[in-house]
Participant: 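Quick one: this structure, given as structure tokens, is what I'll be asking you about.
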Protein chains: 2
Amino acid sequence: MSTLSLAILGLISQGPRSGYDLRKAFATTPMGHFSMSPGAIYPALKRLEESGLVRGTVERKRTLRPREVYALTEEGREALRSTLLQPIGRDDVIWRMDNLMLRFAFIGDVCGHEQAIAYLKALATHTESYVRELKGFRAMVVGRGAIYGRLALQHGLASYAATARWARHAAKELEKAHREPAAHQ
Amino acid sequence: MSTLSLAILGLISQGPRSGYDLRKAFATTPMGHFSMSPGAIYPALKRLEESGLVRGTVERKRTLRPREVYALTEEGREALRSTLLQPIGRDDVIWRMDNLMLRFAFIGDVCGHEQAIAYLKALATHTESYVRELKGFRAMVVGRGAIYGRLALQHGLASYAATARWARHAAKELEKAHREPAAHQ
DNA sequence: CGATACATGTAACCGGTTACATGATTTT
DNA sequence: AAAATCATGTAACCGGTTACATGTATCG
């Protein structure tokens with residue numbers, strides 16, 4: 001499942017959405033990391049409908065401005081759930097971090113608070129492990145010239161370290177929110 | 001120019017490379033963020049050659065295991081230089097950060113130390129400006145539920161902030177290296 | 001009345017992924 | 001002799017980007 005499909009499925013899981021709604025969501029929130037072009041969204045919706053994960057119904061059928069609203073099917077919810085709960089791997093951390101963040105954004109509502117916390121811990125663990133890997137690589141290239149490469153590597157390191165720190169912190173926050181339910185509700 | 005083409009061009013700018021060399025470089029360094037599949041690299045090399053940016057010559061022509069090595073043309077060096085010096089925009093920061101980091105990795109050797117420093121400063125400025133934008137967005141969503149979304153946003157914030165910090169720090173480092181040339185050479 | 005927002009789509013293009021294909025050379 | 005490495009490619013597929021097309025409704 002592509003990142004875009006996952007984003008669409010996740011948004012629809014929060015309630016029925018039209019293609020236009022989705023475009024707006026992508027355009028006006030920092031979710032805009034994901035495509036907002038109609039040429040991507042409408043075909044993606046069609047594909048999701050073909051595979052039975054969403055079902056579209058036309059609202060205002062008889063008016064001159066109809067609007068097709070998509071809702072998650074049971075099958076779709078199941079697919080979303082199983083995608084979100086897929087174990088995290090090294091490759092995900094390296095090549096699909098945006099996917100991992102997207103999964104986090106939805107996992108709490110779809111799979112429950114505990115799953116969100118477990119997910120963050122797994123994410124932290126895997127990210128920290130990759131940080132160690134990068135440090136090992138850095139140790140291999142010490143000294144010997146290539147200052148630009150070294151600095152670029154340093155960025156990767158700093159960036160992944162920030163993600164790991166965030167994951168640990170966010171996990172603690174969710175645990176706190178769990179212990180003190182509706183504290184600031 | 002796609003990220004892959006840029007990576008290839010940058011590597012070739014350091015010296016002639018074969019397709020296999022490039023695959024190895026992508027597979028064994030943290031540059032592996034970029035594709036290492038032959039199905040991407042060989043066609044990309046062909047395209048670069050067609051547009052005159054690299055020229056391939058067959059080594060060991062008469063042996064049973066020939067090897068085609070590509071070198072940068074003058075035109076290629078010019079294209080690389082102008083790509084690297086392209087001004088940074090908001091969209092680059094949001095959608096093409098990996099491209100920006102790749103550009104940094106090569107800009108020093110291709111365009112000179114001063115350009116690398118200027119590039120880092122511009123990168124820091126643009127990243128900081130996006131961080132401010134995200135903070136503004138966060139301020140808009142305060143309180144009101146959506147803890148997962150808030151945390152996801154927090155990650156973006158932390159991640160971009162780390163990049164900005166890194167850029168400032170790296171710029172200082174390059175300036176220092178400039179003032180104390182060959183200090184630890 | 002003009003601009004903006006609502007609303008959905010198509011078509012050409014590009015390029016990356018996956019999987020397959022081939023075979024020589026070197027190392028164990 | 002088997003396994004790993006060297007070395008280059010092709011073909012089918014997928015899906016995102018860009019640009020285009022169409023028309024209504026609402027607001028100032």
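Naming: A, B, ... by sequence-line order, numbering from 1 per chain. Owing to the predicted nature of the structure, the values given are computational and were not obtained by experimental measurement.
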Participant: Just the rounded figure in Å: distance from P of dT8(D) to NZ of Lys46(B).
Facilitator: 11 Å

Participant: In whole angstrom, what separates Arg23(B)'s CZ from dT17(C)'s C1'?
Facilitator: 13 Å

Participant: Relative to each other, are the rings of Tyr119(A) and Phe104(A) parallel, tilted or perpendicular (30° and 60° limits)?
Facilitator: parallel

Participant: Taking any heavy-atom pair under 4.0 Å as a contact, classify Arg47(B): base, sugar-phosphate, or nothing.
Facilitator: sugar-phosphate

Participant: If you assign each of Lys24(B) and Ala40(B) to its closest nucleotide in DNA chain D, which residue comes earlier from the 5' end?
Facilitator: Lys24(B)

Participant: Looking only at the side chain of Leu4(B) (C-beta and beyond, no hydrogens), which of the listed nucleotides dG16(C), dA19(D), dT10(D) gets closest?
Facilitator: dG16(C)

Participant: What's the CD-C1' distance between Glu59(B) and dT8(D), to the nearest Å?
Facilitator: 14 Å

Participant: Round to the nearest Å and state the distance from Phe34(A) atom CZ to dG15(D) atom P.
Facilitator: 16 Å

Participant: By the 4.0 Å heavy-atom rule, please label Gly39(A) as base, sugar-phosphate, or nothing.
Facilitator: base

Participant: Can you find a side chain N or O atom of Ser2(B) that sits less than 4.0 Å from OP1 or OP2 on dG16(C)?
Facilitator: yes

Participant: Could you check how far CD of Glu50(A) sits from P of dG15(D), rounded to whole Å?
Facilitator: 11 Å

Participant: To the nearest 0.5 Å, how far apart are OG1 in Thr127(B) and CD1 in Ile94(B)?
Facilitator: 10.5 Å

Participant: Can you check the Met1(A) CE to dG15(D) P distance for me, whole Å?
Facilitator: 11 Å

Participant: Starting the side chain at C-beta, find the nucleotide from dT8(D), dG16(D), dG9(C) nearest to Glu68(A).
Facilitator: dG9(C)

Participant: State whether Tyr20(A) places a side-chain N or O below 4.0 Å from either non-bridging phosphate oxygen (OP1 or OP2) of dT8(C).
Facilitator: no

Participant: So Ser37(B), base contact, sugar-phosphate only, or nothing? Heavy-atom distance under 4.0 Å.
Facilitator: base

Participant: Take atom CZ of Arg55(B) as the centre, draw a 6.0 Å sphere, and report whether it contains more than 12 heavy atoms from other residues, nucleotides or ligands.
Facilitator: no

Participant: Could you grab the distance from atom CD of Gln115(A) to atom CG of Leu174(A), nearest 0.5 Å is fine?
Facilitator: 12.5 Å

Participant: Would you kindly give the CG-to-P distance between Asp21(A) and dT8(C), to the nearest whole Å?
Facilitator: 8 Å

Participant: In whole Å, what is the span from the OH atom of Tyr42(A) to the C1' atom of dC20(D)?
Facilitator: 15 Å

Participant: Atom CG in Leu153(A), atom CE in Met31(B): separation rounded to 0.5 Å?
Facilitator: 11.5 Å

Participant: Kindly point out which of dA19(D), dA7(C), dT10(D) is positioned nearest to the side chain of Pro43(B)?
Facilitator: dT10(D)

